[in-house]
Amino acid sequence: MDNELVKRLVWSGLLAATGALASIVATRGAAVVFRRIYGEDPPE
């Protein structure tokens, strides 16, 4: 993997995947907190 373009593509893919995973985890965590505070589902 000496090609700079391949390295950049791999980095971009890892960054996108990590960002998406963090977003999902944050959304679910916030929903759990909202449900515990208000006892109902969060608004959409």
Side-chain angles (χ1 to χ4, degrees):
M1 296 226 316
D2 292 330
N3 190 346
E4 235 4 82
L5 180 60
V6 172
K7 287 180 182 178
R8 286 183 180 264
L9 287 173
V10 170
W11 174 248
S12 294
L14 285 170
L15 190 59
T18 304
L21 183 61
S23 176
I24 291 168
V25 170
T27 302
R28 289 187 180 181
V32 167
V33 171
F34 190 91
R35 283 188 197 103
R36 288 190 182 175
I37 292 172
Y38 293 105
E40 58 185 41
D41 286 338
E44 292 184 8

>> Which residues end up grouped with Leu9 if you chain together Ile, Leu, Val, Met, Phe, Trp and Tyr wherever their side-chain heavy atoms are less than 4.5 Å apart?
In response: Leu5
>> Show me the pairs that pass ring-ring contact (aromatic ring centres under 6.0 Å, His included) and involve residues 24-44, at least two apart or across chains.
In response: Phe34-Tyr38
Return a table of donor-acceptor pairs under 3.5 angstrom between the side chains of residues 15-33 and protein atoms on other chains or two or more places apart.
| residue | atom | partner | partner atom | Å |
| --- | --- | --- | --- | --- |
| Thr18 | OG1 | Leu14 | O | 2.8 |
| Thr27 | OG1 | Ser23 | O | 2.8 |

>> With salt bridge (Lys or Arg N to Asp or Glu O under 4.0 Å) as the rule and sequence neighbours excluded, what pairs involving residues 34-44 come up?
In response: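 Non-adjacent pairs meeting salt bridge (Lys or Arg N to Asp or Glu O under 4.0 Å): Arg35-Asp41.
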>> Applying salt bridge (Lys or Arg N to Asp or Glu O under 4.0 Å) as the test, list every pair that has at least one member in residues 11-24; sequence neighbours left out.
In response: none
